[in-house]
Amino acid sequence: VSGYLQADGDRRDLDNVDGEEINAETMIRFIRMNELRLVTEYNPVTAVGLMQSSVQLHLLLITDKRSSEHPEHMHRFREAAELFQGKILFILVDSNVKGNEQVMSFFKLKKSQLPALAIFHSEDEEQDVLLLDEVSVKRVQDFCNVFLQ
C-alpha cells in the first residue's frame, strides 16, 4: 500500500518502508506534513490545519483577490514562500470574504490599507504588519528575515 498527495504541482509519495504496514497514524502524519501548500488560502477548513501546524510562524498576505494585480502578487508571494518553506507558513487572506474581517481587525487593518503583510508567531502571539504598495519577493523576504532575527 502506498499513497500520494498532489500539492503545488508536486507529487508527494508516502512510501511503504521495509514492507511495514501503513497504519492510520502514519497516514495522518503524512497528510498533516504535506497538506499545506506553499501558499494556503485562509478559510474555516484550512484554519484548523494552520493552527495545528508545527510551523509556528505565519505570514499572511491580506489582499483583494478581485484586484487586477492579484495574479502577479500571488506569483511573487509564492516565489518568496519557496525561500522559507518549513520555517514560515504563507497564507492568503481574501479581504472580500466576510469571515476574514476578523483577521483584518486582529491586525488592526482596514480595506483601504491593503495589500498588507502580517506576520504572526503562534507560540507567543508576537506580530508585525507591513503595508505594501506592491508585493515583491524582496520586500516579503526582507520582512520575514527581520522578524526571524
Side-chain angles (χ1 to χ4, degrees), residues 2-15 24-149:
S2 68
Y4 75 93
L5 280 173
Q6 195 78 26
D8 290 319
D10 292 336
R11 180 178 161 145
R12 311 257 191 249
D13 289 293
L14 171 61
D15 296 317
E25 191 177 313
T26 310
M27 185 66 83
I28 289 168
R29 192 177 75 240
F30 171 75
I31 291 170
R32 283 244 166 85
M33 284 171 52
N34 292 289
E35 69 188 341
L36 298 174
R37 301 170 159 268
L38 277 175
V39 177
T40 302
E41 186 162 352
Y42 183 85
N43 62 46
V45 175
T46 60
V48 174
L50 293 168
M51 292 307 142
Q52 291 178 347
S53 172
S54 58
V55 179
Q56 295 178 338
L57 267 180
H58 299 182
L59 180 71
L60 290 71
L61 171 60
I62 305 169
T63 189
D64 177 351
K65 272 180 71 174
R66 293 184 293 200
S67 108
S68 60
E69 294 92 24
H70 179 71
E72 189 57 37
H73 287 173
M74 279 307 297
H75 175 73
R76 293 186 188 132
F77 193 59
R78 200 172 273 115
E79 260 185 74
E82 288 184 40
L83 303 172
F84 295 96
Q85 204 167 4
K87 293 183 195 133
I88 300 174
L89 289 181
F90 277 60
I91 302 161
L92 169 68
V93 179
D94 184 0
S95 60
N96 295 308
V97 175
K98 193 158 178 48
N100 291 346
E101 292 162 356
Q102 291 176 316
V103 175
M104 289 168 49
S105 68
F106 179 81
F107 292 105
K108 298 170 183 64
L109 288 167
K110 297 177 182 73
K111 274 193 173 192
S112 60
Q113 297 174 293
L114 302 179
L117 290 176
I119 197 161
F120 178 76
H121 187 246
S122 61
E123 196 171 55
D124 59 14
E125 297 196 3
E126 186 182 343
Q127 60 174 276
D128 196 7
V129 172
L130 175 66
L131 302 180
L132 299 168
D133 45 352
E134 187 180 336
V135 177
S136 75
V137 175
K138 177 143 181 48
R139 295 220 42 210
V140 173
Q141 190 176 5
D142 291 348
F143 183 62
C144 290
N145 283 331
V146 166
F147 195 83
L148 284 168
Q149 290 166 3

Quick one: [atom1] on [X] to [atom2] on [Y], what's the gap to the nearest 0.5 Å?
X      : Y      : atom1 : atom2 : answer
Phe143 : Leu59  : CZ    : CG    : 6.5 Å
Phe107 : Gln127 : CZ    : CD    : 5.0 Å
Ile91  : Leu117 : CD1   : CG    : 12.0 Å
Ile88  : Gln56  : CD1   : CD    : 12.5 Å
Asp142 : Ser136 : CG    : OG    : 8.0 Å
Leu92  : Thr40  : CG    : OG1   : 9.5 Å

If you compare all heavy atoms of [X] against all heavy atoms of [Y], which two are closest, and at what distance to 0.1 Å?
X      : Y      : value
Leu109 : Ala116 : CD1-CB, 3.9 Å
Leu114 : Ile62  : CD2-O, 3.6 Å
Leu38  : Arg78  : CD1-CG, 4.0 Å
Met104 : Ser95  : SD-CB, 3.8 Å
Val140 : Phe77  : CG2-CD1, 4.3 Å
Val39  : Met74  : CG1-CE, 3.6 Å

Side chains of [X] and [Y]: does their closest heavy-atom pair fall under 4.5 Å?
X      : Y      : value
Val135 : Leu132 : yes
Met51  : Ser122 : no
Val103 : Tyr42  : yes
Ile119 : His58  : no
Asp64  : Asn96  : yes

Does a side-chain N-to-carboxylate-O contact under 4.0 Å join Glu72 and Arg76?
->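 Salt bridge flag = yes for Arg76 with Glu72.
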Would you mind checking if Glu134 and Arg139 are paired as a salt bridge, meaning a charged N to carboxylate O distance below 4.0 Å?
-> no
Whether the side chain of [X] engages the backbone of [Y] through a donor-acceptor N/O pair (distance < 3.5 Å, no angle test) should be reported.
X     : Y     : result
Ser67 : His70 : yes
Glu82 : Glu79 : no
Ser53 : Val55 : yes

Residues forming a side chain to side chain contact (heavy atoms under 4.5 Å, CB included) with Asp124, sequence neighbours excluded = His121, Glu126
Would you check if there is a donor-acceptor pair between the side chains of Asn100 and Asp94 at a distance under 3.5 Å?
-> no
With respect to Leu57, which candidate in Phe120, Phe84, Phe147 satisfies the side-chain contact (heavy atoms from CB on, under 4.5 Å) definition?
-> Phe147
